S.K.: 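Structure provided below as structure tokens; questions to follow.
In this text, all values refer to a predicted model and were calculated from it rather than measured experimentally. Every number for a ligand or one of its atoms is a count from 1 in the order of the listing.
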Amino acid sequence: MSRSPHLALIMDGNGRWARQRGLPRTAGHREGAKAVREVVESAVRLGVGTLTLYAFSCDNWQRPRTEVRALMALLRRFLSEETPTCLRHGVRVQVIGHRHRLSPAVRKAIEACEEATGSGRAMTLRLAIDYSSRAQLAKAARSVVHGFPEELERALRLTNHPLDSAPPVDLLVRTSGEKRLSDFLLWECAYAELHFVDTLWPDFGEADLEEALRELGRRRRRFGRVEDAPASRDEPARVG
Ligand code: IPE
Ligand code: IPE
Ligand code: MG
């Protein structure tokens with residue numbers, strides 16, 4: 001692959017990790033936050049160009065209030081504490097998803113982190129917070145009248161983030177053994193390679209990330225074409 005890959009991660013299994021240890025779910029989320037720190041640093045080291053992490057879905061508001069509050073506190077802490085590390089490693093942070101339902105404190109932490117890290121060029125870290133791919137597609141579609149699909153593509157980027165320039169996802173990883181997308185990056189994953197692992201998110205680390213990237217290297221990506229055949233430009237396929 002000529003460009004550095006875009007890796008998307010559905011970080012799942014914090015609750016099960018905690019339950020296995022007789023701990024409250026929030027303890028699993030705290031441990032999960034540690035795994036996020038490790039994985040972000042490893043991703044920079046391993047040459048990932050864009051890393052998109054699913055941190056909180058629109059549907060996650062339906063969880064118990066105490067859990068939602070704990071998750072929001074962790075996100076806020078992560079954003080403020082990791083800003084210096086991101087700056088040091090040249091990581092540009094962009095938060096995708098709705099913002100209006102987040103507390104002013106979380107919004108402020110997002111804006112401060114995005115502004116401080118905006119010139120980072122080593123890797124773009126996209127954090128999906130209060131994110132729903134279907135909601136985003138609907139919003140983008142409403143803003144587009146003509147020019148499908150290029151206009152929709154542009155509208156989708158804008159509804160993600162005003163500065164979004166991420167390439168399509170190359171590899172989508174989901175931890176915890178679940179094999180579904182849960183409303184994450186439906187458009188961007190059109191040709192993504194899918195990699196499902198049983199590891200629970202708090203146990204996921206650099207070795208797992210390396211294995212995922214090796215797996216991407218082993219996949220034969222054809223994008224609808226025939227392998228090793230040059231794309232035919234002047235002979236469009238006849239339909240019918
Ligand atoms: C992922 O872990 C974290 C979030 C969705 C915020 P879960 O909390 O979904 O963990 P399980 O699936 O209950 O084990
Ligand atoms: C998806 O995980 C959302 C995040 C990882 C943030 P969920 O645990 O919420 O997804 P479902 O409910 O198992 O589909
Ligand atoms: Mg889950």
Side-chain angles (χ1 to χ4, degrees), residues 6-40 42-43 48 50-79 81-82 93-103 105-107 109-110 113 125-137 159-161 166 169 171-189 192 194-205 208-209 212:
H6 178 175
L7 187 71
L9 259 164
I10 302 179
M11 312 182 288
D12 200 11
N14 293 351
R16 276 162 283 173
W17 184 93
R19 196 174 57 221
Q20 284 173 2
R21 288 160 180 77
L23 297 170
R25 293 178 58 83
T26 46
H29 295 314
R30 266 200 305 280
E31 204 60 27
K34 290 188 202 161
V36 176
R37 288 184 170 90
E38 182 183 335
V39 162
V40 169
S42 303
V48 171
T50 306
L51 179 66
T52 304
L53 300 178
Y54 206 1
F56 191 88
S57 74
C58 289
D59 289 325
N60 289 152
W61 291 112
Q62 298 166 69
R63 292 186 177 201
R65 264 173 93 91
T66 47
E67 180 169 348
V68 170
R69 214 176 285 148
L71 280 165
M72 288 296 150
L74 277 169
L75 283 167
R76 186 177 148 201
R77 177 127 46 97
F78 178 85
L79 286 159
E81 286 179 0
E82 290 308 295
V93 177
Q94 289 179 352
V95 172
I96 61 173
H98 301 297
R99 296 236 178 146
H100 62 282
R101 293 189 290 198
L102 303 175
S103 73
V106 173
R107 279 208 298 268
I110 292 173
C113 181
L125 171 62
R126 302 198 310 167
L127 286 175
I129 302 178
D130 196 10
Y131 177 88
S132 154
S133 192
R134 280 177 301 172
Q136 189 223 357
L137 279 160
T159 49
N160 258 342
H161 193 280
V169 174
L171 178 71
L172 176 107
V173 179
R174 182 166 187 151
T175 59
S176 87
E178 308 294 357
K179 295 176 182 66
R180 56 177 169 267
L181 293 180
S182 301
D183 202 7
F184 191 43
L185 305 177
L186 302 178
W187 178 276
E188 293 91 330
C189 282
L194 307 177
H195 183 57
F196 298 106
V197 294
D198 289 334
T199 314
L200 300 176
W201 174 253
D203 296 325
F204 192 91
D208 303 283
L209 189 65

S.K.: Could you identify the single nearest non-hydrogen protein atom to atom 2 (O) of ligand 2 and state the distance to 0.1 Å?
M.R.: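 For atom 2 (O) of ligand 2, the nearest protein heavy atom comes out as Arg174 NH2, 3.5 Å.
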
S.K.: Select one of side chain, backbone, both or neither to describe which atoms of Arg25 lie under 4.0 Å from any atom of ligand 1, heavy atoms only.
M.R.: side chain

S.K.: What I want to know is whether Asn14 and ligand 1 share at least one N or O pair that is separated by under 3.5 angstrom.
M.R.: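 Yes - when backbone and side-chain N and O of Asn14 are compared with those of ligand 1, one distance drops under 3.5 Å.
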
S.K.: Consider ligand 2: state whether an atom of it lies below 4.0 angstrom from any non-hydrogen atom of Arg180.
M.R.: yes

S.K.: Which residue and atom name correspond to the protein heavy atom nearest atom 1 (C) of ligand 1, and how close is it?
M.R.: Met11 O, 3.0 Å

S.K.: Mind checking whether Phe56 contacts ligand 2 via backbone (N, CA, C, O), side chain (CB onward), both or neither, at a 4.0 Å heavy-atom cut-off?
M.R.: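 Phe56 to ligand 2: backbone contact only, side chain stays beyond 4.0 Å.
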
S.K.: Give the residue, atom name and distance (to 0.1 Å) of the protein heavy atom nearest atom 4 (C) of ligand 1.
M.R.: Arg63 NH1, 4.0 Å

S.K.: How close do Tyr131 and Ile96 get, counting heavy atoms only, and between which atoms?
M.R.: CE1-CD1, 3.8 Å

S.K.: Let's go through Val40 and Leu51 carefully: what are the C-alpha distance in whole Å and the side-chain angles of both, what is the deciding distance for side-chain contact (heavy atoms from CB on, under 4.5 Å) to 0.1 Å, and is it a yes or a no?
M.R.: CA-CA 8 Å; Val40 169; Leu51 179 66; 4.2 Å; yes

S.K.: Yes or no: does His29 have any heavy atom under 4.0 Å from an atom of ligand 1?
M.R.: yes

S.K.: Any idea which atoms of ligand 2 are less than 4.0 Å away from a heavy-atom of Ile10?
M.R.: 5 (C)

S.K.: For side-chain contact (heavy atoms from CB on, under 4.5 Å), just list the numbers for Arg99 and Ile129, CA-CA rounded to whole Å, side-chain angles, deciding distance to a tenth of an Å, and then say yes or no.
M.R.: CA-CA 8 Å; Arg99 296 236 178 146; Ile129 302 178; over 6 Å; no

S.K.: Less than 4.0 Å between a side-chain N and a carboxylate O, is that true for Arg16 and Asp12?
M.R.: yes

S.K.: What orientation do His100 and His98 show, parallel under 30°, tilted 30 to 60°, or perpendicular over 60°?
M.R.: perpendicular

S.K.: Nearest non-hydrogen atom to atom 7 (P) of ligand 1 belongs to which of Asp12, Asn60, Thr26?
M.R.: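 Considering heavy atoms of Asp12, Asn60, Thr26, the nearest to atom 7 (P) of ligand 1 sits in Asp12.
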
S.K.: Please say whether the positively charged group of Arg21, taken as NZ for Lys or CZ for Arg, lies over the ring of Trp17, i.e. under 6.0 angstrom from the six-membered ring centre and within 45 degrees of the axis.
M.R.: yes

S.K.: What is the ring orientation for Tyr54 with Phe184, classed by angle as parallel under 30°, tilted 30 to 60°, or perpendicular over 60°?
M.R.: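 Tyr54 and Phe184: parallel rings.
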
S.K.: Taking the side chain from Asp183 and the backbone from Ser132, do they hold a donor-acceptor pair closer than 3.5 Å?
M.R.: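 Not a single qualifying donor-acceptor pair exists.
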
S.K.: List every atom of ligand 1 that sits less than 4.0 Å from any heavy atom of Ala55, numbering the atoms from 1 in the order shown and giving each element.
M.R.: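 Per the distance check, 6 (C).
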
S.K.: Is Gly13 in contact with ligand 1, taking contact as a heavy-atom separation below 4.0 Å?
M.R.: yes

S.K.: Can you confirm whether something in the protein, heavy atoms only, sits under 4.0 Å from atom 12 (O) of ligand 2?
M.R.: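 False for atom 12 (O) of ligand 2.
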
S.K.: For N/O/S atoms only: which one belongs to Asp12 and is nearest the Mg ion (ligand 3)?
M.R.: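 Closest to the Mg ion (ligand 3) among those atoms: OD1.
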
S.K.: What's the shortest distance from atom 10 (O) of ligand 1 to any protein heavy atom, and which residue and atom give it?
M.R.: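 Here the closest protein heavy atom is Gly15 N, 2.9 Å.
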
S.K.: Looking at Arg77, I want to see if its CZ is surrounded by more than 12 non-hydrogen atoms of other residues, nucleotides or ligands under 6.0 Å.
M.R.: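 At most 12 heavy atoms, drawn from other residues, nucleotides or ligands, come within 6.0 Å of this atom.
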
S.K.: Does a side-chain N-to-carboxylate-O contact under 4.0 Å join Arg63 and Glu67?
M.R.: yes

